[in-house]
Amino acid sequence: MIDEALREINRGCAEIIDNERVEKLLKAYFQEGKTYTVKAGFDPTAPDLHLGHTVLLQKLATFQKYGGRIQFLIGSFTATIGDPTGKNTTRKVLSQEDIVKNIQSYTTQAFKILDESKTDIVYNNDWLGKMSAADLIALASNLTVARMLERDDFSKRFKTNIAIATSEFMYPLLQGYDSVYLQSDIEIGGTDQKFNLLMGRQLQKVYNIKKQQAVLMMPILEGLDGVQKMSKSLGNYIGVSDEANDMFGKVLSISDELMWRYFELLSEKSLDEIAELQSAVKEGELHPKKVKEDLALEITTRFHNKEVAQNAKVEFDKVHSKSQIPSDISEFSCDGTIWIAKALVNCKMEPSTSQARRDIKQGGVKIDQEKVLDDKLELSSGEYLLQVGKRKFAKLKVN
RNA sequence: GGUGGGAUAGUCAAGUGGCCAACGACGGCAGACUGUAAAUCUGCUCCCUAUGGGUUCAGAGGUUCGACUCCUCUUCCCACCA
C-alpha cells in the first residue's frame with residue numbers, strides 16, 4: 001500500500017529531496033491515520049490556469065488521496081509588491097480588489113482537480129504583512145549575497161547584464177518564511193523553484209520548528225511548441241477554461257514526441273500502460289494520431305465532460321480531417337460595401353490591413369471556399385464566409 | 001560619490017552622417033507537403049485603399065541640406081573604484 005502510494009507520488013517528479021521523510025509521513029498515515037501538510041504557493045497575478053499548473057495540482061491531488069492536507073498558499077503579499085523583473089516590465093501593483101477577483105477564478109479552476117474538503121486556502125499577507133522591519137532584517141541575515149547569486153536565474157541575469165532588484169532577493173526568503181509559519185511537512189513546486197523551496201527547509205531549521213519540509217519538484221511542462229515552458233505570455237498554452245474544441249485541437253497539435261511527455265505528466269494512465277502504448281506505436285501497431293486523440297479526449301473530458309469532449313472530436317474531424325467548415329463561427333455585419341482587407345480586420349481575423357493584404361497575396365485568404373488573390377476586392381452586399389489560413393473562420397453580412 | 005560602457009522592431013543582435021523601415025538569428029503568420037502533425041522547403045513579418053505616404057532606433061532639446069549614427073541634458077541598466 002505504502003509502496004504503491006510512493007510510486008504514484010514519485011511519478012513524473014523531477015527531483016525529491018528527503019524522500020525518507022515522505023515515506024515516514026505516509027507510514028504514519030497508513031498506520032495511525034495521521035495527516036500531514038503539503039504546501040504549494042500560487043501567485044494571484046494571472047487568473048488563468050493552464051495545463052502547466054495542473055501538473056502541480058494533479059500531484060497535490062495525489063497527496064490528498066494519501067492523507068495530505070493541502071496548504072493552498074496564495075502569494076497575496078508578494079503580489080502587492082509586484083515582481084520587478086527585467087528592464088522592460090513595469091512594476092505591476094495589484095489592487096486588493098484585483099487579487100480577490102483573481103483568487104476567486106483561480107480557486108474555482110483549481111477545484112476542478114483538487115478536493116476542496118482537504119484544502120486550506122491561506123494568504124501570506126496574513127503573516128508577512130505583519131512583519132516589522134526588524135523581523136525582516138533578521139530574516140534577511142540568514143542569507144548571503146554570494147549564496148543568492150548561486151541561484152541559476154539570478155546568476156544568468158547577472159552575467160547577461162539584466163537588472164536584479166534588491167526586492168527580488170527577498171522573494172526566496174519570504175517564500176521560505178511561509179514554510180516556517182505554516183510548519184509545512186512537504187512543499188511542491190516547479191524545478192525552477194528549487195532554490196526557493198530549499199530556502200524553506202533552511203529557514204525551518206534556523207527558526208527551530210523541529211521539522212524540515214521535504215521538497216518535491218515537478219518538471220516544467222513544455223508548451224505546444226515543445227521547447228519553451230508553457231506560459232500564457234508565450235501563447236503556447238492550453239488553458240483550463242479553454243473551450244472544449246480548442247482544447248482538443250491544441251492537444252492534437254503537439255508533436256508526437258511531446259505527446260509522451262504530456263502522457264507522463266498529465267494522463268491518469270499508469271506508466272505501464274503508457275509504455276505499452278509507446279511500444280505499440282513504435283512497432284507500427286498503433287497510429288500515433290489515434291493515441292494522441294485519446295490523450296486529447298482524456299484531457300478535454302477532465303475539464304469539461306465526456307459528452308462535450310466527444311463532440312469536440314467529431315467537430316475536429318469535420319473541420320480538419322475532412323476540411324469542412326466548423327459549425328460554430330462568429331458572425332459580423334457591416335453596412336455598405338467594404339474592402340476585403342478592412343473586413344478581415346473588422347472580423348478580428350487579422351491584426352492590420354497590411355497583414356491582411358500580405359496574406360491575400362500569398363493565397364491564405366478564402367471567401368466561400370474560394371481563394372482570393374485580389375487585395376483590392378470590395379465586398380458588396382451579401383453574406384460571405386471568410387477564412388484566413390486553416391483555422392480562422394468568420395461570417396460577414398454586408399448590408 | 002568617482003570613472004568608464006550601454007539602451008535599436010515580439011526577443012536576441014548588426015548598423016558609427018545620406019545606399020535605412022534598418023543585415024542576421026529566433027519567434028510568428030501564410031503556402032507546399034502531412035495526421036491541423038513533427039521535420040523540411042518557399043514567401044512574408046511597423047502602420048496606412050499603397051509603383052505612393054506616414055511614424056520609428058530609451059526620452060527631451062541641438063548641430064546639419066540630411067541623424068540610429070555627432071553634441072547637451074534626463075531616465076534606466078552594467079562594470080570597476082570608493
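Proteins get letters first, then strands, A, B, ... in listed order; numbering begins at 1 in each. This one's a predicted model, so the numbers in the text were calculated from it and none came from an experiment.
Across all strands shown, rU49(B) has no partner, as no Watson-Crick or G-U wobble contact with both distances under 3.5 Å is found. Both distances falling under 3.5 Å, in either a Watson-Crick or a G-U wobble arrangement, place rC80(B) opposite rG2(B). Pair check for rG17(B) finds none; no Watson-Crick or G-U wobble contact set falls under 3.5 Å. Taking a pair to require two hydrogen-bonding distances under 3.5 Å in either a Watson-Crick or a G-U wobble arrangement, rA38(B) remains unpaired. Taking a pair to require two hydrogen-bonding distances under 3.5 Å in either a Watson-Crick or a G-U wobble arrangement, rG24(B) pairs with rC12(B). Across all strands shown, the partner of rG43(B) is rC29(B), judged by Watson-Crick or G-U wobble contacts whose two distances both fall under 3.5 Å. Using N1 to N3 plus N6-O4 or O6-N4 for Watson-Crick, or N1-O2 and O6-N3 for G-U wobble, each under 3.5 Å, rA7(B) pairs with rU75(B).
At whole-Å resolution of the value, OH in Tyr262(A) and P in rA38(B) are 13 Å apart. Summarising the geometry, the separation between CZ on Arg358(A) and C1' on rC46(B) is reported as 8 Å, rounded to the nearest angstrom. The CG atom of Leu295(A) sits 15 Å away from the C1' atom of rG35(B) (whole-angstrom rounding). Computed from coordinates, the Ile360(A) CD1 to rU45(B) P distance equals 15 Å when rounded to whole Å. Here the C1' atom of nucleotide rA39(B) and the CG atom of Asp225(A) are 15 Å apart, to the nearest Å. Nucleotide rG35(B) holds its C1' atom 20 Å from the NZ atom of Lys250(A), rounded to whole Å. Here the P atom of nucleotide rA38(B) and the CG atom of Leu224(A) are 11 Å apart, to the nearest Å. Following rounding to the nearest Å, Met349(A) (CE) and rC29(B) (P) show an atom-to-atom distance of 15 Å.
Side chain of Ser255(A), nearest nucleotide from rA50(B), rG35(B), rA38(B): rA38(B). In the set rA30(B), rC48(B), rG31(B), the nucleotide with an atom closest to the side chain of Lys371(A) is rG31(B). Checking rG35(B), rU45(B), rA50(B) against every side-chain atom of Thr353(A), the shortest atom distance belongs to rA50(B). Listed candidates were rC29(B), rC47(B), rA50(B). Nearest to the side chain of Arg357(A) is rA50(B). Of all nucleotides listed (rG35(B), rC33(B), rU49(B)), rC33(B) comes nearest to the side chain of Lys390(A). Closest to the side chain of Lys392(A), from the set rU49(B), rC29(B), rA50(B), is rC29(B). Comparing rC29(B), rC47(B), rU49(B) by their nearest atom to the side chain of Trp339(A) picks out rU49(B).
Of the possible donor and acceptor atoms, none in the side chain of Gln64(A) sits under 3.5 Å from a partner among the backbone N and O of Ile70(A).
Between rC26(B) and rA14(B), the distance separating the two C1' atoms is 15 Å to the nearest Å. With P as the reference atom, rC23(B) and rU45(B) are 10 Å apart, rounded to whole Å. Spacing of C1' atoms, rC57(B) relative to rU42(B), comes out at 30 Å, to the nearest Å. Nucleotides rA9(B) and rG15(B), compared at atom C1', are 14 Å apart to the nearest Å. Nucleotides rA22(B) and rU55(B) place their C1' atoms 14 Å apart, quoted to the nearest Å. Taking atom C1' in both rA13(B) and rU49(B), one finds a spacing of 35 Å when rounded to whole Å. On the C1' atoms, rA67(B) is 14 Å away from rG61(B), given to the nearest whole Å. rU69(B) and rG62(B) have their P atoms separated by 15 Å, given to the nearest Å.
Remark: the Ser381(A) side chain and the Asn399(A) side chain contain no N/O donor-acceptor pair separated by less than 3.5 Å. Looking at Glu222(A) and Tyr262(A), their side chains never bring a donor and an acceptor atom within 3.5 Å of each other.
At the heavy-atom level, Lys376(A) lies nowhere under 4.0 Å from the strands shown. As judged by a 4.0 angstrom heavy-atom cut-off over every strand, Asp256(A) is placed among the base-contacting residues. Within 4.0 Å (heavy atoms only), Ser253(A) reaches sugar-phosphate atoms of the nucleic acid but no base atom. Nucleic acid contact class of Gly226(A) (heavy atoms, under 4.0 Å, all strands): none. Among the protein residues, Leu258(A) comes within range of no part of the nucleic acid, since none of its heavy atoms lies under 4.0 Å from any strand. Looking at heavy-atom distances under 4.0 Å, Lys292(A) makes contact with a base.
Taking the ring centre of Phe393(A) as origin, the terminal cationic atom of Lys366(A) falls outside the region bounded by 6.0 Å and 45° from the ring axis.
Note: Tyr181(A) and Trp127(A) have parallel aromatic rings, judged against thresholds of 30 and 60 degrees for the angle between ring planes.
Both Asp317(A) and Val345(A) lie close to RNA chain B; mapped to their nearest nucleotides by heavy-atom distance, the more 5′-ward contact belongs to Asp317(A). Nearest-nucleotide positions on RNA chain B for His287(A) and Val388(A) put Val388(A) closer to the 5' end.
Side-chain contact between Phe63(A) and Lys118(A) is absent, with no heavy-atom pair separated by less than 4.5 Å.
Annotation: Phe77(A) is not in aromatic contact with Tyr123(A) [ring centroid separation under 6.0 Å not met]. For an aromatic pair to be called close, the ring centres must be under 6.0 Å apart, and Phe42(A) with Phe72(A) satisfies this.
With hydrogens and angles ignored, no donor-acceptor pair under 3.5 angstrom links the side chain of Gln362(A) to the base of rG31(B). A donor and an acceptor atom never sit less than 3.5 Å apart when one is taken from the side chain of Gln355(A) and the other from the base of rU45(B).
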